[in-house]
Amino acid sequence: MRPDTSAEYVDHNAEAARLERTAGLYPEDAEHLLLQAAAHLELADDRPRASTLYDRLLAGGTPLENPFLVRALKAANLWEYGHEAEARAIIEGVRAGAPRDPAPWVIVAEALESHDELESAQAAFTEGAVLLLTDVAEPPYATRPLVIGRHRVRRMLGLPHDDWDTLADTLHSSPVSLDELHDPKRVWSLGSEDPAELRAEISRLRAELGSYREALSRPFPVAVLHWPADELTELLAAYPSLSAEYPSHGEHLATIEASLGELAASGTPNLGIVTGTVPSYEAFSASEGASPTDASLLPQYATTLAARGLAVAWPPQRGSACWCGSGRVYEECHGDASA
């Protein structure tokens, strides 16, 4: 969510203004665009204005895809410029809401950690891990910061390893162990004149930089395009030739699940689903100088949505609502292997 380019090279205020204008042109993408704009404002140290964007999203009439994420970001931002009491209240609300997305858990836990609330940070990391990873055979990539952050905080608290810390060690691929990276005594080595200690610290920093670069270079999901029932009806009414791609809505949903299952079985990582809308698809077609009736645009449209950060991970977290929008739990809907 945060731009990673130095303020030395980016005019963050100008970029935030551009994103706000774009959000006005594409209201269906406003949540994603305004969160980016708020991040730029935070980097420009205009935190009050960033808060107004979070408030704008939360007070808007359009339901948010991830309201807990917006609240978590708002809380972390408020605490940074002196509104501790309000930030704490929002953080408690996020924790009580038990979001099924790891990002809000990570943000509130790291906000607590950055303000030396280590016990509370450890509790928040643990709550998120227990909720999202209990009985999960292979932790999704997005959940890794939960257990690794938890490991870091527990190391600072001097707590012994438990099963979640062992899982963090398993997920960590750097040649330098998490115990060493998260050693609270590392800070002393920075002021050391011992060449051996300094070389060891340089090795640790290189390992951390390698992990950071790997996370940044992780590709956006291999995404499959999903049309809600009303959008598909509108699409086919406007462009009947696309009926060959979508014989029925039920078949469309079944094809999505089957396609993703085949990709997963073949070892393809980082799978996701993007949801299309007719106005967005028409705008994309126009930007490509092509007709919406061109079926070859559909996968390109899906890729573009994924590149803009609009993909949701597949399969959903255990106990989460199904991606199809039925309101049922995924395991009882399209994730039901017996169906």
Side-chain angles (χ1 to χ4, degrees), residues 1 28-29 31-32 35 63-72 94-109 124-147 164 167 171 218-232 249-277 302-303 305-339:
M1 300 304 304
E28 68 275 11
D29 297 334
E31 181 176 350
H32 174 67
L35 286 181
L64 299 175
E65 289 183 19
N66 197 335
F68 288 113
L69 175 61
V70 179
R71 292 190 182 101
V94 171
R95 292 171 66 180
R100 291 285 177 171
D101 174 27
W105 289 107
V106 172
I107 290 166
V108 299
F125 276 127
T126 301
E127 289 165 17
V130 170
L131 179 68
L132 300 178
L133 294 175
T134 299
D135 297 326
V136 174
E138 182 65 29
Y141 185 88
T143 62
R144 293 186 181 190
L146 268 178
V147 289
W164 292 112
L167 175 61
L171 296 175
R218 183 170 173 80
F220 52 79
V222 175
V224 175
L225 181 59
H226 162 232
W227 295 98
D230 56 344
E231 293 290 340
L232 185 60
H249 189 249
E251 190 170 337
H252 168 52
L253 299 183
T255 298
I256 291 173
E257 185 69 25
S259 299
L260 289 168
E262 290 173 4
L263 288 168
S266 70
T268 304
N270 203 22
L271 299 174
I273 295 175
V274 290
T275 298
T277 66
T303 299
L305 293 179
R308 286 158 62 186
L310 300 178
V312 295
W314 180 96
Q317 293 287 333
R318 183 178 179 82
S320 297
C322 187
W323 54 263
C324 72
S326 66
R328 299 168 60 195
V329 173
Y330 174 67
E331 291 83 0
E332 298 174 358
C333 192
H334 282 89
D336 184 357
S338 64

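Computed over heavy atoms, backbone and side chain alike; hydrogens, waters and symmetry mates excluded.
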Would you name the heavy atoms of Val94 and Arg71 that are closest together and state the gap between them?
CG2-CB, 3.9 Å
Do you know which two heavy atoms are closest between Leu132 and Val136, and how far apart they sit?
O-CG2, 3.4 Å
How long is the span from the OG1 atom in Thr255 to the CG atom in Leu260, to the nearest 0.5 Å?
10.5 Å
Quick one, Glu257 with Trp314, criterion side chain to side chain contact (heavy atoms under 4.5 Å, CB included). Give me CA distance, side-chain angles, the key distance, then yes/no.
CA-CA 9 Å; Glu257 185 69 25; Trp314 180 96; 3.2 Å; yes
If you measure from CD1 on Ile107 to CG on Asp101, what distance do you get to the nearest 0.5 Å?
8.5 Å
Once you round to the nearest 0.5 Å, how far does CG of Leu133 lie from OG1 of Thr143?
4.5 Å
How far apart are the closest heavy atoms of Trp164 and Val147, and which atoms are they?
CE3-CG1, 4.0 Å
OG1/Thr277 to CH2/Trp227 distance, rounded to the nearest 0.5 angstrom?
6.5 Å
Gap between atom CZ of Phe68 and atom CZ of Arg100 - 0.5 Å precision
11.0 Å
Minimum heavy-atom separation for Phe125 to Val106, with atom names?
CE2-CA, 4.3 Å
Quick check for you: to the nearest 0.5 Å, what is the distance between Leu305 atom CG and His32 atom NE2?
10.0 Å
Non-hydrogen atoms of Ser266 and Leu263 that approach each other most closely
OG-O, 2.7 Å
Main-chain N/O of Gly276 paired with Glu231 side-chain donor or acceptor, under 3.5 Å:
no
Hey, does the side chain of His252 reach the backbone of Ala229 with a donor-acceptor pair shorter than 3.5 angstrom?
no
Counting distance only, does the side-chain N/O of Glu31 pair as donor-acceptor with the main-chain N or O of Glu65 below 3.5 Å?
yes
Please check this pair: side chain of Trp105 against backbone of Ala129, looking for a donor-acceptor N/O pair closer than 3.5 Å.
no
Take Asn270 and Val222 through the test side chain to side chain contact (heavy atoms under 4.5 Å, CB included) and record every step on the way to the result.
CA-CA 6 Å; Asn270 203 22; Val222 175; 5.9 Å; no
Among Val312, Leu253, Leu232, Val274, find the one that has a side-chain contact (heavy atoms from CB on, under 4.5 Å) with His226.
Leu253
For Leu225 against Ala302, the heavy-atom pair lying closest together:
CB-CB, 3.9 Å
